[in-house]
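Hydrogens, waters and symmetry mates are skipped; everything else that's a heavy atom, side chains included, is used. In this chain, numbering begins with 1 at the start of the sequence shown. All ligand and atom numbering here is 1-based and tracks the order in the structure.
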Amino acid sequence: MGFEELELGGMGYYVGIMVGVIMITKWALQNVNVWFYERNLDKKIKASLPPGDMGWPFIGNMLTFLRAYKSTDPDSFIGGYVQRFGPNGVYKSFMFGKPSIIVTVPEACRKAMCDDEAFQPGWPISTLELIGRKSFVSIDYEDHKRLRKITASPVNGHEALSVYMRYIEANVVETLDKWSKMGRIEFLTQLRKLTFKIIMHIFLSTEGENVREALEKEYTTLNYGVRAQAINLPGFVFHKALKARKNLVAILQAIVTKRRNIREETQGMAKEDMLDNLLDTRDDHGIKLTDEEIIDILVMYLNAGHESSGHVTMWATVLLQSHPEYFQIAKEEQERIVKNMPPGQKGLTLKEFRQMEYLSKVIDETMRLVTFSLMTFREAKKDVEVKGYMIPKGWKVLVWFRSVHHSPEVYPRPKEFLPSRWDDLVPKPGTFLPFGAGSRLCPGNDLAKLEIAIFLHHFLLNYKLERENPACPVMYLPHSRPKDNCVGRIIKVSK
Ligand code: HEM
């Protein structure tokens with residue numbers, strides 16, 4: 001054996017040791033979360049935890065999640081769990097700084113959304129700080145029930161919708177005409193302005209354009225932070241979002257103070273909008289809501305009420321425009337509806353809205369395919385069994401709507417836009433959750449569908465969208481949107 005061989009043999013020995021050390025360190029690090037969060041669990045619960053992995057200390061599985069959702073294949077994140085741990089749809093993980101169970105199948109999602117005895121909202125601290133600790137994301141069960149009762153029917157009730165319809169339609173008609181004269185626009189940005197105007201009308205009807213624009217600008221920044229890592233350091237998205245919240249609260253506080261004073265000076269004045277409702281509300285003991293409570297409810301409703309509708313309207317328009325055969329069917333339906341309207345009737349009513357059967361399928365299919373809220377957060381209030389596995393008390397549950405909506409077992413050819421799949425489809429419980437389910441079901445679901453339908457009605461009859469970059473890549477966080485916010489032109493078509 002020569003000198004070099006001896007040296008090489010020695011090096012190989014050290015490399016072997018180093019590889020061994022790295023492997024053991026990696027294994028140990030990957031088990032830190034498991035050891036830390038499972039060590040105090042009851043033996044039986046520990047043995048019945050679902051399969052999965054809890055990633056690295058502190059960050060858990062966040063890097064894998066972010067890598068997938070910032071790539072062109074977001075579904076590779078859940079795909080990874082399915083590949084490694086099977087298709088059971090219940091997986092152990094560590095997300096947003098907490099031990100979490102991801103549920104991806106209808107039965108488990110439904111249980112987490114509908115069983116209020118076992119589950120409560122479990123949003124990350126970043127969301128609580130941005131949307132507000134007195135908003136629906138963190139108040140207790142009884143307060144939530146009371147405030148929902150006060151706010152839901154003025155938003156979604158039949159009577160309210162028939163009143164809002166006129167405002168929505170007038171604004172849609174005016175706005176589409178304006179856009180067609182503007183040339184190149186960011187379609188999504190403009191739609192968000194339109195849906196924000198509508199939700200402002202319902203909540204803060206008396207505020208002018210300047211206030212609206214100031215609020216809308218802050219919301220754009222706030223939203224980027226809602227599903228970001230809660231790192232409050234200059235330059236980070238969450239830090240900017242916190243600043244936006246501070247500005248929003250300051251603007252809303254000024255509005256609430258002014259309105260409270262006006263209502264106190266003019267007792268008995270009729271209620272104009274939701275803010276008046278909130279100011280007059282008293283609980284069972286006659287106590288009014290505090291400014292902080294009112295402001296957090298406003299922050300939440302104004303946000304939830306425009307982002308989602310704006311995005312879904314954009315996707316429905318884009319998907320129709322890129323499927324001329326469905327565009328034509330939808331357009332013909334709207335032409336028939338207009339033709340059958342009683343002579344002299346100006347504008348749509350709920351009767352015409354209910355006749356939009358094909359359009360309703362287009363909207364449902366858009367919401368399924370796009371899944372605006374890719375998932376939501378719950379927390380186990382007690383040790384609870386789901387699909388044969390145990391979820392320990394205090395652990396988060398991530399209800400992965402996107403996986404349910406993209407499951408080939410539930411929706412054959414799930415990645416395709418097929419409005420006709422809804423022809424004979426009555427979704428089984430837990431299989432169609434665009435608006436969630438249970439006591440937290442979206443209180444703006446009917447309003448949202450109405451807004452989207454009115455927009456599409458006028459768009460289909462009179463306009464087309466020409467995108468500048470039809471193949472523009474899609475961003476999936478915080479919500480699916482084309483990277484360029486759908487730059488293009490709205491073009492009036494001659495009849
Ligand atoms: C297409 C449009 C919309 C979509 C896809 C959507 C989706 C959702 C989903 C999935 C939830 C349930 C979240 C959970 O359970 O954790 C929710 C809740 C909520 N949505 Fe919507 N939404 C839309 C429009 C609206 C509108 C127009 C409003 C306001 C008028 C609104 C206000 C709310 C509020 C306040 C909640 C919280 C409800 C609670 O915790 O009780 N949403 N939405």
Where at least one partner belongs to residues 197-207, residue pairs that pass side-chain hydrogen bond (donor to acceptor under 3.5 Å, both in side chains), sequence neighbours excluded: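 Applying side-chain hydrogen bond (donor to acceptor under 3.5 Å, both in side chains) to every pair that reaches into residues 197-207, excluding sequence neighbours, yields N171-K197, S205-D273, T206-R259.
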Nearest neighbour in protein (non-hydrogen) for atom 41 (O) of ligand 1: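 Checked against all protein heavy atoms, atom 41 (O) of ligand 1 sits closest to H144 NE2, 2.6 Å.
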Residues in salt bridge (Lys or Arg N to Asp or Glu O under 4.0 Å) contact with R421, at least two apart in sequence or another chain: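 Scan of R421 (salt bridge (Lys or Arg N to Asp or Glu O under 4.0 Å), adjacent residues dropped) gives E365.
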The single option from E209, E216, E213 passing salt bridge (charged side-chain N to carboxylate O under 4.0 Å, His left out) against K193: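 Between K193 and the candidates, salt bridge (charged side-chain N to carboxylate O under 4.0 Å, His left out) is satisfied uniquely by E216.
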Between CD on residue E379 and NZ on residue K396, distance to nearest 0.5 Å: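 One gets 4.0 Å once the value is rounded to the nearest 0.5 Å.
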Side-chain polar contacts of residues 441-456 - donor-acceptor pairs under 3.5 angstrom, sequence neighbours left out - could you list them?
from	atom 1	to	atom 2	distance (Å)
N445	OD1	N156	ND2	2.6
K449	NZ	S360	OG	3.1
K449	NZ	D364	OD1	2.9

Total protein N/O/S atoms whose distance from atom 21 (Fe) of ligand 1 is less than 2.8 Å: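 Number of qualifying protein atoms: 1.
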Shortest protein heavy-atom distance from atom 5 (C) of ligand 1, along with the residue and atom involved: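 Here the closest protein heavy atom is P434 O, 3.5 Å.
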Heteroatom distance test (W123, ligand 1): nitrogen or oxygen, under 3.5 angstrom: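 N/O-N/O distance under 3.5 Å: no.
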Proximity flag F377 to ligand 1, non-hydrogen atoms under 4.0 Å: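 No, F377 has no heavy atom closer than 4.0 Å to ligand 1.
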Heavy atom of the protein closest to atom 15 (O) of ligand 1 (residue, atom name, distance):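 For this ligand atom, the closest protein heavy atom is R378 NH2, 2.8 Å.
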Axial cation check for Y411 ring with R368, 6.0 Å and 45° limits: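 Yes, R368 lies over the aromatic ring of Y411.
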Taking atom 12 (C) of ligand 1 as the reference point, the nearest protein heavy atom with its distance: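 Closest protein heavy atom to atom 12 (C) of ligand 1: R440 O, 3.7 Å.
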